[in-house]
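For ligands, and for the atoms within them, numbers begin at 1 and follow the listed sequence.
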Amino acid sequence: MKNSIFNYTLDELGQYFESIGNKKFRATQIFEWIYRHRVTSFSQMTNLGAKTIEHLEENFYFEELKVKEVFKGQDRTEKYLFELNDGHLIETVLMRHNYGNSVCVTSQVGCKVGCKFCASGRLGKVRNLTLSELVLQVLTIQRNLDKSGERLSNIVVMGIGEPFDNYENLLGFLRVVNYPKGLEIGARHITVSTSGIVPKIYEFSDFDLQINLAISLHAPSNEIRNKIMPINNLYSLDDLIPAVKYYVEKTNRRITFEYILLKDVNDSVANAHQLSDLIRGINAYVNLIPYNEVPGAGFKRPTNEAMQEFFATLRKRGINATLRMEHGAEIDAACGQLRAQMMKRNKKA
Ligand code: SAH
Ligand code: SF4
């Protein structure tokens, strides 16, 4: 069986070459070809020598993610629908911002965390994405952008799935896309979002790349969080907040709290005060997200006035927060969620 060339980190590929009595730096050469020059065959790797190329052709292949469809949304946003080799479909969103192009990556087929408000959690988890499936979401979109001379500069791992439930592949992915002679996406331009898998937050804080972390908080108390995020029964705020403090201390980076505003659930002025108390003193920033209603989930988006008041209360309490209600920014905040909406729009059009 041939192996996908995209299923290796640089270290793993280097070890492979060493193990067959070849040179470790072959891996560096190959990484440059596939991630910087973005070639699509081994024969294009002209500095490798005929024997190595032959070996590669016999043992490896260029895996592809099949592009089923590209939906074009507002603000030049594009949603890629990819088909995996086993037939599952995943979605990856390209967002164009004034600061650069960003891609929202999916980490799993489905998700087992089961947050009550989220459409992705409905089916449960089917499987983790492989390293190559993670990497190819980014590489395939970058190859398309190459045609118009555009570059991907940012990544958010906020699509379907819980990235910390696919931890090893996530770390491999981060190393591959960050590789300076390849796609070269700076660690500071990458954000991973988690629902709060506490042991992994500690591990991630000690990871050598300084990747941004976002926590899906969504509630100011255990009482409320238990109701909307079952994960809180396993890792409550009493465990989560110390883990967050550890990340901030260890990495010296500001953390992001994501907070979806849900009508009559977590959107009162009293809730805003509770939230301010909870995160006081942490180098953090709160990203308030107007809820995108999921049919049948039983949650509603608050009125604009209620959301503004919540936001104003945080600001008065000295909390760094943003509330962006315009459409493009919403995609940015919860890109995973906009897929369903884009589908609807495209069907109507
Ligand atoms: N599983 C990870 C990352 C993917 S979800 C996590 O939960 O953090 C990406 C973000 O979208 C999370 O903050 C999630 O809570 C939010 N989200 C989920 N459903 C949403 C909805 N219907 N409206 C707005 N945001 C939503
Ligand atoms: Fe999974 Fe994130 Fe959705 Fe929760 S919000 S069910 S963790 S994808």
Side-chain angles (χ1 to χ4, degrees), residues 90-93 95 102-129 134 137 155-167 170 173 190-198 200-201 204 211-219 224-235 240 243-244 247 255-263 265-267 284-302 307 322-325 327 329-344:
I90 58 163
E91 296 159 356
T92 311
V93 182
M95 297 163 282
S102 172
V103 76
C104 176
V105 169
T106 283
S107 58
Q108 300 178 311
V109 180
C111 179
K112 72 176 182 198
V113 178
C115 305
K116 297 279 197 290
F117 47 80
C118 174
S120 306
R122 293 274 178 97
L123 297 167
K125 172 177 155 184
V126 179
R127 68 170 174 88
N128 281 332
L129 294 193
L134 290 168
Q137 292 176 60
I155 293 181
V156 291
V157 186
M158 286 192 186
I160 295 176
E162 168 50 57
F164 281 0
D165 184 38
N166 187 10
Y167 194 67
L170 172 75
F173 165 76
I190 306 177
T191 302
V192 173
S193 174
T194 179
S195 58
I197 317 276
V198 166
K200 294 292 182 241
I201 296 175
F204 198 65
I211 310 280
N212 301 306
L213 187 60
I215 306 285
S216 292
L217 190 63
H218 307 325
I224 298 175
R225 204 163 187 264
N226 281 338
K227 285 188 198 145
I228 58 176
M229 298 180 73
I231 185 93
N232 200 67
N233 294 299
L234 195 59
Y235 304 116
L240 181 58
V244 163
Y247 169 86
I255 201 155
T256 303
F257 287 116
E258 290 161 272
Y259 193 103
I260 304 177
L261 289 160
L262 301 163
K263 188 174 177 352
V265 175
N266 66 1
D267 66 331
Y285 137 93
V286 177
N287 193 11
L288 295 173
I289 310 168
Y291 182 54
N292 292 306
E293 292 180 17
V294 174
F299 295 98
K300 291 243 169 303
R301 173 192 292 225
M307 296 196 285
T322 50
L323 167 65
R324 287 174 297 177
M325 296 211 267
H327 213 87
E330 224 170 84
I331 295 182
D332 186 17
C335 47
Q337 296 320 309
L338 259 87
R339 290 171 300 227
Q341 291 210 341
M342 286 181 72
M343 291 272 262
K344 265 189 263 159

*Considering the heavy atoms of Ser195, write down every atom of ligand 2 situated less than 4.0 Å from one of them.*
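Matching atoms, with element in brackets: 7 (S).
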*asked:* Using a 4.0 Å cutoff against the non-hydrogen atoms of Gly161, which atoms of ligand 2 qualify?
replied: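 Atoms satisfying the 4.0 Å criterion: 8 (S).
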*With a cut-off of 2.8 Å, does Cys111 place any N/O/S atom under that distance from atom 4 (Fe) of ligand 2?*
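For Cys111, the answer is no, given that no N, O or S atom comes within less than 2.8 Å of atom 4 (Fe) of ligand 2.
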What atoms of ligand 1 come closer than 4.0 angstrom to any heavy atom of [X]?
X: Thr194; value: 6 (C), 8 (O)
X: Gly161; value: 1 (N), 2 (C), 3 (C), 4 (C)
X: Ile260; value: 15 (O), 16 (C), 17 (N), 20 (C), 24 (C), 25 (N), 26 (C)
X: Glu258; value: 10 (C), 12 (C), 13 (O)
X: Glu162; value: 1 (N), 2 (C)
X: Val294; value: 22 (N)
X: Tyr291; value: 21 (C), 22 (N), 23 (N)
X: Gly159; value: 4 (C)

*Tell me, please: is Gly114 in heavy-atom contact with ligand 2, that is, under 4.0 Å?*
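In this structure, Gly114 qualifies as a contact of ligand 2 - some heavy atom is under 4.0 Å.
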*Return a yes/no value for Val157: is any of its N or O atoms, backbone included, closer than 3.5 angstrom to an N or O of ligand 1?*
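In fact, backbone or side chain, Val157 has no N or O that close.
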*side chain to side chain contact (heavy atoms under 4.5 Å, CB included) between Leu261 and Ile289, intermediate numbers included*: CA-CA 6 Å; Leu261 289 160; Ile289 310 168; over 6 Å; no
Evaluate the side-chain proximity of [Y] to [X]: yes if any heavy-atom separation is below 4.5 Å, no if none is.
X: His218; Y: Phe117; result: yes
X: Val103; Y: Val93; result: no
X: Met307; Y: Leu288; result: no

*Do Tyr259 and Asn287 pass the side chain to side chain contact (heavy atoms under 4.5 Å, CB included) test, and can you show the C-alpha distance, the side-chain angles, and the key distance before you say yes or no?*
CA-CA 6 Å; Tyr259 193 103; Asn287 193 11; over 6 Å; no
*Centres of the Tyr285 and Phe257 rings: under 6.0 Å?*
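Ring centres of Phe257 and Tyr285 not closer than 6.0 Å.
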*asked:* So, 4.0 Å and heavy atoms of Glu293: is ligand 1 close enough to count as a contact?
replied: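 The answer is no: ligand 1 sits nowhere under 4.0 Å from a heavy atom of Glu293.
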*Looking at residues at least two apart in the chain, or sitting in another chain, which of them share a salt bridge (charged side-chain N to carboxylate O under 4.0 Å, His left out) with Asp165?*
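Partners of Asp165 under the salt bridge (charged side-chain N to carboxylate O under 4.0 Å, His left out) test: Lys112, Lys125.
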*Establish, from distance only, whether the side-chain atoms of Glu258 and Ser193 form a donor-acceptor pair under 3.5 Å.*
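Looking only at side-chain atoms, Ser193 and Glu258 do form a donor-acceptor pair, the distance falling under 3.5 Å.
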*So, Thr194 and Glu162: side-chain donor and acceptor under 3.5 Å apart, yes or no?*
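Indeed, the side chains of Thr194 and Glu162 share at least one donor-acceptor pair under 3.5 Å.
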_Heavy-atom closest contact (Pro295 atom, Glu293 atom, distance)_ =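 Shortest heavy-atom separation between Pro295 and Glu293 comes out as CD-O, 3.8 Å.
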*From the options Ala119, Pro230, Cys118, select the one whose nearest heavy atom is closest to atom 5 (S) of ligand 2.*
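Checking each option, the heavy atom nearest atom 5 (S) of ligand 2 is found in Cys118.
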